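Worksheet: the structure to be examined is printed underneath.
Numbered from 1 within each chain, the chains take letters A, B, ... in sequence-line order. Because the structure is a prediction, the values reported are computed rather than measured.
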Amino acid sequence: MEKRVKERREGLRPLDGEPTGVVLRFAPNPNGPMSLGHSRGVVINSEFARMHEGEVILRFDDTDTKRKPPSIEAYDTIAKEFEWLTGRAPDRIVTASERMPLYLAHVIEDIEAERAYVCTCAAGDFKELRDAKKTCPCRSLATTEHVERWERMNDPKGGWQDGDAVVRIRTDLTLPNPALRDWPALRIQTAPHPKVGDAYRVWPLLDYQSAIEDHLQGVTHIVRGKDLMDSTRKQTLLYDMRGWKYPDTLYWGRVKVHEFGSFSTSAMRTDIEAGTYSGWDDPRLPTIAAFRSKGYAPEAIRSFWLEQGLTQKDIAVSMKTIESHNVKAIESTTPRYSFVQDPLSRRLGMHETWPSNCFNIPSHPENASMGNRQWPAPKDGDSILIQATDFSASLRLKEFANVTVSEDAAIVEDFDRSDRRQIIHWVLEHHSRDAVLLIVEENQIKRHPGRLENVDLELGKVVQLERVGFAIVTEIQEDGTLVFTYLHD
RNA sequence: GCUGGUAUGGUGUAGUUCGGUCCAUCAUGGCGGGUUUUCAUUCCGUCGACCCGGGUUCAAAUCCCGGUACUAGCACCA
């Protein structure tokens, strides 16, 4: 047996056996838009599909109408966010609530084949029995009785309410892992569903719905969080009884971003509704909507997740890491502009005129194809603006001249760089406009007013403000003032 | 308590399947420096790790045994 040459692998480790025609799925609960955490599932699953010439399904697991009620806008939002992230639409979109008849048909098969039964024990009682590896009284009832119970569960006039009965999958009760013993598969849920109303009374739980759907869709590989390991084990028990082959399964660990605390979709919804945050795209929130509106490139989010790979370690990463991916993605094509915060005005004194009637500054020093910013040539008597914190007697105005600065004037000494004095960014007062930079500091949004060199920028444009960092145009006010939101260094 | 999972520098990650090419990869970060453009970006240099203890072996990050730490499930959530 020859040993493979060790070399650094780029990207994800290929799936075992390097299969082609794989089918993967990303299965979010549509109870809100995508979070950064969700995007990992999107990126990893689509990347495997791409690597192995397969398909990726976007599946909405919307079978909880009570604790995690689906949000009707989220279906569309998530589909669009999926496309934004990967650059292409999912190969298939499946919505669990629209496929209920299929699941319910499988339940009756499972009950008749004695793979499942209807249990009316109180949850606490059942747990005690289960922990003692004892069967509950319902389990030994005749199959015909279970079929009747099943019909009664589904009958609004049957007298059973939420919590009164549950369908369980029959397993070996001596299984060492208590979590797997006679696991619950469906429950009564009378809260209406935003898509199908009260068309169904009994809804499958994730483990059952997902198990059946993965089989129906021909899913070959499941990539999910390791918190779902027991889900795999439960579902495998059902697959074995049905003679199905369970997909190959891979796991990732939990990811925490230092800068964001723990956010749940429902907690974010509460805060947005309370006005703590302006919306799902509030720059302080770890949602894809926020990353997108802050100016992150989808390829940055992709390369970030690909770099994390598929380890089962629970990790805590810094936003700096995500930011560095974004810098790589946008740096070479982002134009630079001069933005002077807290400006001081000085009269320009020039003994010698600028040798041209216009003043060109490259839009990007390393990318000449981006062209130049054209300013009018600075003239004797013009007012220039410099940042208050830069004020010093001897300065160099970037791209322009060495100056001696006093309380009211800036006198040009010479144009060529001739010494090591500090270089500062500046603007011509008559060739600049008001602008405000919004920066999130300590979870508060702070305003930094200043003057931006004259340039037309449309909403959503990402720029690099010299000596400040990257920012995106988030608002253009009536009076022409540009509002930027700070992105990162 | 029961059942799993994971452990490589400050943070991530490659290498662990098949022990040697690993005095351990790449990135991020920190530090220092360069750039006719400089608190941003960019470039260069540098710092820094195999959880612990035994064992097997000529040779262990990699195999075995025993610890420890962290983490997940045991929901009529996904």
Side-chain contact check for A:Q312: nearest option of B:A72, B:U6, B:A75 is B:U6
- Message: Base, sugar-phosphate or nothing for A:N29? Non-hydrogen atoms, less than 4.0 Å.
- Response: sugar-phosphate
Side-chain contact check for A:V327: nearest option of B:G12, B:G5, B:U42 is B:U42
Of the listed B:A78, B:C76, B:U8, the closest approach to the A:V166 side chain comes from B:C76
Any strand, both distances under 3.5 Å, Watson-Crick or G-U wobble: B:A59 pairs with none
When rounded to whole Å, the CZ to P distance for the pair A:R187 and B:C76 reads 10 Å
Can you check salt bridge (Lys or Arg N to Asp or Glu O under 4.0 Å) on A:R336 and A:E331, steps first, answer last? CA-CA 10 Å; A:R336 304 178 182 208; A:E331 202 278 329; 2.5 Å; yes
Margin query: What I want to check is whether an N or O donor and acceptor connect the side chain of A:R254 with the base of B:A72 at under 3.5 Å.
Written below: no
Practice task
Indicate, with yes or no, if the rings of A:F359 and A:F400 have centres closer together than 6.0 Å.
Solution key: yes
Considering just the side-chain nitrogens and oxygens of A:T311, establish if one lies under 4.0 Å of OP1 or OP2 belonging to B:U13. yes
Closest of B:U42, B:U38, B:A75 to the A:E366 side chain is B:U42
Task: Integer angstrom distance from the C1' of B:G1 to that of B:U21 - done: 49 Å
Paired to B:U68 by Watson-Crick or G-U wobble criteria (both distances under 3.5 Å) is B:A7
Item checked: Gap in Å between the two C1' atoms, one belonging to B:U46 and one to B:A40, rounded -> 23 Å
*Would you indicate what A:Q161 reaches in the nucleic acid, counting non-hydrogen atoms under 4.0 angstrom: base, sugar-phosphate, or nothing?*
nothing
When rounded to the nearest Å, what value does the distance between C1' atoms of B:U17 and B:U3 take? 25 Å
Exercise. For A:C121, answer base if it contacts any base atom (sugar-phosphate contacts may also be present), sugar-phosphate if it contacts only those atoms, and nothing otherwise; contact means non-hydrogen atoms under 4.0 Å.
Key: base
Checking N1-N3 plus N6-O4 or O6-N4 for Watson-Crick, or N1-O2 and O6-N3 for wobble, each under 3.5 Å, the partner of B:C74 is B:G1
query: Just checking A:D390: base, sugar-phosphate only, or nothing, at a heavy-atom cut-off of under 4.0 Å?
result: base
Measuring only the P atom in each nucleotide, how far is B:U25 from B:A72? A whole number of Å is fine.
32 Å
A:R181 atom CZ is separated from B:A75 atom P, nearest whole Å, by 11 Å
Answer yes or no: is there a donor N or O on one side and an acceptor on the other, between the side chain of A:S303 and the main chain of A:H325, under 3.5 Å?
no
Here the distance between atom P of B:U42 and atom CG of A:D489, to the nearest Å, is 10 Å
A:L206 has its side chain closest, among B:A78, B:C76, B:U6, to B:A78
Taking a pair to mean Watson-Crick or G-U wobble geometry with both distances below 3.5 Å, B:G32 pairs with B:C44
A:W426-A:W375 aromatic ring centre distance below 6.0 Å: yes
query: When all nucleic acid strands are considered with a 4.0 Å heavy-atom cut-off, which category describes A:S231: base, sugar-phosphate, or nothing?
result: nothing
Separation of B:C2 atom P from A:L173 atom CG, nearest Å, is 19 Å
message: Mind checking if A:G469 touches a base, just sugar-phosphate, or nothing, with heavy atoms under 4.0 Å?
response: sugar-phosphate
Of the candidates B:U3, B:U41, B:G4, the side chain of A:E331 sits closest to B:U41
From the candidates B:G73, B:U13, B:G5, the one with an atom nearest any side-chain atom of A:K226 is B:G5
### Task
Give A:I315 one of three labels, base, sugar-phosphate or nothing, depending on what nucleic acid heavy atoms sit under 4.0 Å from its own.
sugar-phosphate
Testing B:A27, B:U3, B:C39 for proximity to the side chain of A:K328, the answer is B:A27
In Watson-Crick or G-U wobble terms, with both distances under 3.5 Å, the base opposite B:G19 is none
- prompt: Does the side chain of A:K398 get closer than 4.0 angstrom to OP1 or OP2 of B:U36 through an N or O atom?
  reply: no
* To do: Would you indicate what A:Q308 reaches in the nucleic acid, counting non-hydrogen atoms under 4.0 angstrom: base, sugar-phosphate, or nothing?
  => sugar-phosphate
Salt bridge flag under 4.0 Å for residues A:R421 and A:E413: yes
Answer yes or no: does a side-chain N or O of A:R67 lie under 4.0 Å from OP1 or OP2 of B:C77? yes
Here the distance between atom P of B:C43 and atom NE2 of A:H364, to the nearest Å, is 11 Å
Worksheet item: Is there side-chain contact between A:M153 and A:R149, with at least one heavy-atom pair below 4.5 Å?
Response: no
Sidechain-backbone polar pair: A:T65 side chain, A:A191 backbone, donor-acceptor under 3.5 Å:
yes
**OP:** Remember a base hit wins even if backbone is also touched, and classify A:P176 as base, sugar-phosphate or nothing at under 4.0 Å, heavy atoms.
**Re:** sugar-phosphate
Exercise for the section: Give one of base, sugar-phosphate or nothing for A:A316, where a contact means two heavy atoms less than 4.0 Å apart. Expected result: sugar-phosphate
Indicate whether OP1 or OP2 belonging to B:A27 is found under 4.0 Å from a side-chain N or O atom of A:T321. no
Of the candidates B:U13, B:G5, B:U11, the side chain of A:K313 sits closest to B:U13
B:U41 to B:G32 separation - P atoms, rounded to the nearest Å = 15 Å
Among B:U42, B:C76, B:G5, the one nearest any side-chain atom of A:L205 is B:C76
- Item | A:K66 side-chain N/O to B:C76 phosphate OP1/OP2 under 4.0 Å | no
Spacing of the C1' atoms in B:G54 and B:C76 (rounded, Å): 49 Å
Q. Are A:Y337 and A:H425 close enough that their ring centers fall under 6.0 Å?
A. no
A:N326 atom CG is separated from B:U28 atom C1', nearest whole Å, by 15 Å
Taken to the nearest whole Å, CG/A:D314 to P/B:A69 is 17 Å
Whichever of A:F400 and A:K68 has the more 5' nearest nucleotide on RNA chain B, that residue is A:F400
Between A:R168 and A:E399, whichever has its closest RNA chain B nucleotide further toward 5' is A:E399
Separation of the P atoms in B:C65 and B:A27, to the nearest angstrom:
37 Å
*asked:* Between B:C39 and B:U35, how many Å separate the two P atoms, rounded to a whole number?
replied: 14 Å
Practice task
Give a yes or no on whether a salt bridge exists between A:D172 and A:R181, defined as a side-chain N under 4.0 angstrom from a carboxylate O.
Solution key: no
A:L180 CG to B:G4 P, in whole Å, measures 10 Å
Checklist entry - What about A:D131, does its side chain sit under 3.5 Å from the base of B:C74 through a donor-acceptor pair? => result no
Is A:R130 close enough to B:G1 that one of its side-chain N or O atoms is under 4.0 Å from OP1 or OP2 there?
no
Would the A:W354 and A:F415 ring centres measure less than 6.0 Å apart? yes
